[in-house]
Amino acid sequence: MSNLDYKALSDYWSKKWKDDGIYSTDVTRDKKKLFLLVEFPYPSGEGLHVGHVRSYTAMDVIARKKRREGYEVLFPMGYDAFGLPAENYAIKTGIHPSITTRKNIDNFERQMMDCGFSFDWERKFETTDPEYYKWTQWIFLKMYEKGLAYKKEMPVNWCPKDKCVLANEEVVDGACERCGTTVEKKNKEQWMLAITKYAERLDKDLDDTAYLEKIKTQQRNWIGLSEGSEIDFKIKSEDASFESSFTIFTTRADTLFGCTYCVLAPEQPLVMELLSNNVITNSSEVTEYKDNARLKTDIDRSAEGKEKTGVKLEGVVAINPANNEEVPVFIADYVLPQYGTGAIMAVPAHDERDYEFAKQYNLTIKKAIFVDDQVFIDLVNNKPYCGEGKVFEEGVFYGLTSEVARKKITEAVGGKIVIKSKLRDWVFARQRYWGEPIPVVYDKDGTMYPVAESELPIVLPMVDKYEPTDNGESPLAIISDWVNVKGRIDSTGHFTTDDNGEVFRRETDTMPQWAGSSWYFMRYIDPRNNQALGDKDLLAKWLPVDWYNGGMEHTTLHLLYSRFWYKFLFDIGIVPTSEPYYKRTSQGMILGAGGVKMSKSLGNVVNPDKIITEYGADVLRVYEMFIGPFDQSVAWDDKAIVGVSRFMDKVEKCAGKVVVNTPSLPIIHQTIVKVSRDIDSTAFNTAISSLMICVNEFEKKDKIAKGDFEMFLKILAPFAPFITEELWKNLGYTTSIHTSGWPLPDESLMIESEVTYAFQVAGKLRGTFITPKDLEEEAVIELLKTLDIYKKYIENAEPKKIIFVKNRLVNIVL
RNA sequence: GCCGGAGUGGCGGAAUGGUAGACGCGCGCGACUCAAAAUCGCGUAUCACAAGGUGUGUGGGUUCAAGUCCCACCUCCGGCACCA
């Protein structure tokens, strides 16, 4: 066991580093900048998770190395402190969320200090600070000004337990992401952010980033761009007394000739129009189906899976613009109102879903495409042919490939090529207390006005009750001296408070938790600025973030949302680039023993405090870096920690063998090369492995050169900041190891004088032999021929071919 | 169904096309000890007494040489999913 008192070590050095400010960033300094970011935590009552430690240690290692390579590194930390758990806790206990949050933050901070992360704590802030959310509200106002924030009556996802509206992204398999309650549909007037306006850029601009490929792919899938055609269909009553039209969206305009019916989403406005014009002869049936669809939750609607339902609109027909054929029109809930135009042309011969529906309702199936006999074969086999082909219809399009036909046919029928996205606008409001107030007011007629910038921040008032009201309004709604505010509307249409003015009513919805985290990284650059969200020159200098590491679970929500906000801020001239993060990486999850998810119910959650108490923070850090490939999920293994603990003990022991006058070993120079390269490529596990190999070599020696050991400590320091600092001090240094230069290997000392060759016969390994390094082929073969292994396998046979790879192998083909 | 990622000892995992299993855990034997723990040393893919053979999910292929490259599959994990 070690002689070191880890607790005392960590307390001493944490304080010293803080006092000396060795990790603080001078953002104005004229040095090469590097902005490294990790996701700031939500300060839950559970405290720091070993998953946080994995992510934070990894970037801490990078930060420590880069500082010592001469970069001005910005590596900050803060807290994403608004959110439901604190509020739900308040409902249960009556304790104000700010109190719970404060307590949790203090605990998180203590834990992060214990871990020795080299954050610049001077830049810390919380999203719940009014000086911070002032700027969250300010961004909202700017979005409102540009028409990107708007209110809309719409069916929203409603969690009956949390009494709260959820974003689509927060609904997982039809249930509330947080509490698992089945989500209901409810019509509400909602604040929305028009993220869909940025869909194309959010996809395209990924090209300019260095995100991990899987992160790009996941974002692209989520955004779901597809290029297709919008084509108008006429619709009329059978007696031609009524005429109208609708637009369909299709990616397969090449199959337009195979359209044998059309389908509208039940929610399509045209359906209402047809009903109110009394042109549908089975209106009661249609109305019933429509009402049913509206009540269904998304999960009911899709859970029916393969069974498709729909109702024919009797009394009307649509006209296929390609051939002027009359086709029937249906409403069916397999057509989604929010995607495309909420209306489709159905081509059962070439689309799975249309085919299935056509079979069910006995509709005509007409082929529009051929590929040799494939289409025929498929249709006989009871399945549609959904691939590409050539146009089958006689006439000007005959024989055109799908790709060409899509354009030509779209053109011919007066349609247009468009790009659609699966993305929906972001529901940007919660009827809850613990969030940023939305900075708008309403007059007595209900007309809405944004507040003037000078009014910001709109501070969240203290309340006594946190329970949302039964009609789903925020508890803020009953704080009358906050909700009702006297003021006037200025010449620009903005509200300012004025005791002599009229009474207005504040918006009582608050922003979702994603708001504060959508721009937090920018604030670190200039965290105390009260004139702007950040000094323009400093933002220009420090943005974008060079490297952002975080969890895969944030790929489609936080990452997308923050990219959207950032692009908006770019458009209004606040930030210098259109992408916020240059590089994005993601650590794998840490699972419990046996590879199952850590959870309280399974009782397999590892508390970092416990590990630190038992082994010290250095061991925890090194273990988490050694545990497995950084980007892969790994199972926690209590037993394996002792290996790391032994390693640290060996390092300490080696310190006792340090002498001045003994030659440098090649291994240390090789290790410097390996560790440097591995840190840069996030191969932390192999970096630790090579450090272990190096110590094992040291151990075998009676004496270790002081220079060698110093270099060793220097490259171990990013991983194990406490012990290395202590041993460094013991070597007689008075300045921190963490401010020392990153060591460079001595190439001339790095090279071993001998190499081991593999000896192969016809590709099979038959032995090894040792030669001086860098011998030429002739000399090596010469030497080989004198050896027993050569005589044994080759004897007097004449080699057909000799493969020689210098310093590696000789392969003799007979 | 679509899109990603991964399959290597008892386990976590290493391997610019060039000695597969580094490093660590575990296990076995030994040293130290009255004893145990800790520590140190040696060993540890597999079949075989041995010579030698076989081995990186499966089947093919390219190559002097394949865990690595190519083709066809299988399994597991993650994401998306009636997206027209």
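Only this structure's heavy atoms are used, side chains among them; waters, hydrogens and symmetry mates stay out. In what follows, every chain begins at residue 1, and chains take the letters A, B, ... in the order their sequences are listed. No experiment lies behind these values; they were computed from the predicted model shown.
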Measure from [atom1] on [X] to [atom2] on [N] and round the result to the nearest Å.
X      : N      : atom1 : atom2 : answer
A:L212 : B:rG79 : CG    : P     : 17 Å
A:M552 : B:rC77 : CE    : P     : 17 Å
A:H554 : B:rG78 : NE2   : C1'   : 16 Å
A:K764 : B:rG55 : NZ    : C1'   : 11 Å
A:I789 : B:rG52 : CD1   : P     : 12 Å
A:K701 : B:rC40 : NZ    : P     : 18 Å
A:K216 : B:rG5  : NZ    : P     : 13 Å
A:K214 : B:rC77 : NZ    : C1'   : 11 Å

Go through residues 339-347 of chain A and report each residue with a non-hydrogen atom lying under 4.0 Å from RNA chain B, sorted by number. A:Y339, A:I344

Partner residues of [X] under the side-chain contact (heavy atoms from CB on, under 4.5 Å) criterion, sequence neighbours left out:
X      : answer
A:S421 : A:A199, A:I223, A:L225, A:L423
A:E553 : none
A:K700 : A:E697
A:A210 : A:Y582, A:K583

With the threshold set at 4.0 Å, does a side-chain nitrogen-carboxylate oxygen contact exist between A:R220 and A:D207? yes

Counting any heavy atom closer than 4.0 Å, what does [X] reach on the DNA or RNA strands: base, sugar-phosphate only, or nothing?
X      : result
A:R677 : nothing
A:E230 : nothing
A:K800 : nothing
A:K806 : nothing

Whole-angstrom distance between [N] and [M], as gauged at atom [atom1]:
N      : M      : atom1 : answer
B:rC40 : B:rG24 : P     : 11 Å
B:rC32 : B:rC42 : C1'   : 15 Å
B:rA20 : B:rG30 : C1'   : 29 Å
B:rG26 : B:rC73 : P     : 44 Å
B:rG43 : B:rG78 : C1'   : 40 Å
B:rC25 : B:rA36 : C1'   : 22 Å
B:rG21 : B:rU44 : C1'   : 12 Å
B:rG18 : B:rA65 : C1'   : 7 Å

If we call it a pair only when both distances are under 3.5 Å in a Watson-Crick or G-U wobble match, what pairs with [N]?
N      : result
B:rA81 : none
B:rA22 : none
B:rC29 : B:rG41
B:rA65 : none
B:rA72 : B:rU58

For this output row, return yes or no: ring centroids of A:F357 and A:F330 closer than 6.0 angstrom.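 So the answer is yes for these two rings.
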
On RNA chain B, nearest-nucleotide positions of A:A762 versus A:Y793: which is more 5'?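 Its nearest nucleotide lies further toward 5', so the answer is A:Y793.
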
With RNA chain B as reference, determine whether A:T217 or A:T251 sits nearer its 5' end, using the nearest nucleotide of each.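 Comparing both residues, the 5'-ward one is A:T217.
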
Ring pair (Phe, Tyr, Trp, His ring centres under 6.0 Å) with A:Y561: which of A:W426, A:Y198, A:W222? A:W426

Where does the angle between the aromatic ring planes of A:F630 and A:F684 fall among parallel (under 30°), tilted (30 to 60°) and perpendicular (over 60°)?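 It falls in the perpendicular class, over 60°.
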
With a 4.0 Å limit, can you tell me whether [X] has a side-chain N or O closer than that to the phosphate oxygens OP1/OP2 of [N]?
X      : N      : result
A:K801 : B:rC64 : yes
A:S226 : B:rA84 : yes
A:R220 : B:rC2  : no

Would you tabulate the pairs of protein nitrogen or oxygen atoms and nucleotide nitrogen or oxygen atoms of nucleotides 15-25 of chain B closer than 3.5 angstrom?
residue: B:rG18; atom: O2'; partner: A:R808; partner atom: NE; Å: 3.1
residue: B:rA22; atom: N3; partner: A:S689; partner atom: OG; Å: 3.4
residue: B:rC23; atom: O4'; partner: A:S689; partner atom: OG; Å: 3.2
residue: B:rG24; atom: OP1; partner: A:N696; partner atom: ND2; Å: 3.1
residue: B:rC25; atom: OP1; partner: A:R646; partner atom: NH1; Å: 2.5

Who are the salt bridge (charged side-chain N to carboxylate O under 4.0 Å, His left out) partners of A:R584, not counting sequence neighbours? A:E39

Can you name the salt bridge (charged side-chain N to carboxylate O under 4.0 Å, His left out) partners of A:D788, sequence neighbours left out? none

What is the glycosidic conformation of B:rG9: syn, defined as within 90° of 0, or anti? syn

Only pairs at least two apart or in different chains count here, so list each salt bridge (Lys or Arg N to Asp or Glu O under 4.0 Å) that has a residue in residues 627-648 of chain A.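 Every pair satisfying salt bridge (Lys or Arg N to Asp or Glu O under 4.0 Å) with a residue in residues 627-648 of chain A: there are none.
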
How would you list all residue pairs meeting salt bridge (Lys or Arg N to Asp or Glu O under 4.0 Å) that involve residues 769-778 of chain A, not counting sequence neighbours? A:E776-A:K806

No-hydrogen, no-angle side-chain donor-acceptor test under 3.5 Å, A:T410 and A:S229: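 A donor-acceptor contact under 3.5 Å links the two side chains.
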
Just by distance, with hydrogens left out, do A:N696 and A:K650 show a side-chain donor and acceptor under 3.5 Å apart?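 Yes, because at least one side-chain N or O of A:N696 sits under 3.5 Å from a partner of the opposite role on A:K650.
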
Would you say the side chain of A:K308 and the base of B:rC82 hold a donor-acceptor pair, judged only by whether the two atoms sit under 3.5 Å apart? yes

Can you list every pair that meets side chain to side chain donor-acceptor pair (under 3.5 Å) and has a residue in residues 755-767 of chain A, with sequence neighbours left out? none

Can you pull every protein N or O that's under 3.5 Å from an N or O on nucleotides 29-33 of chain B?
none

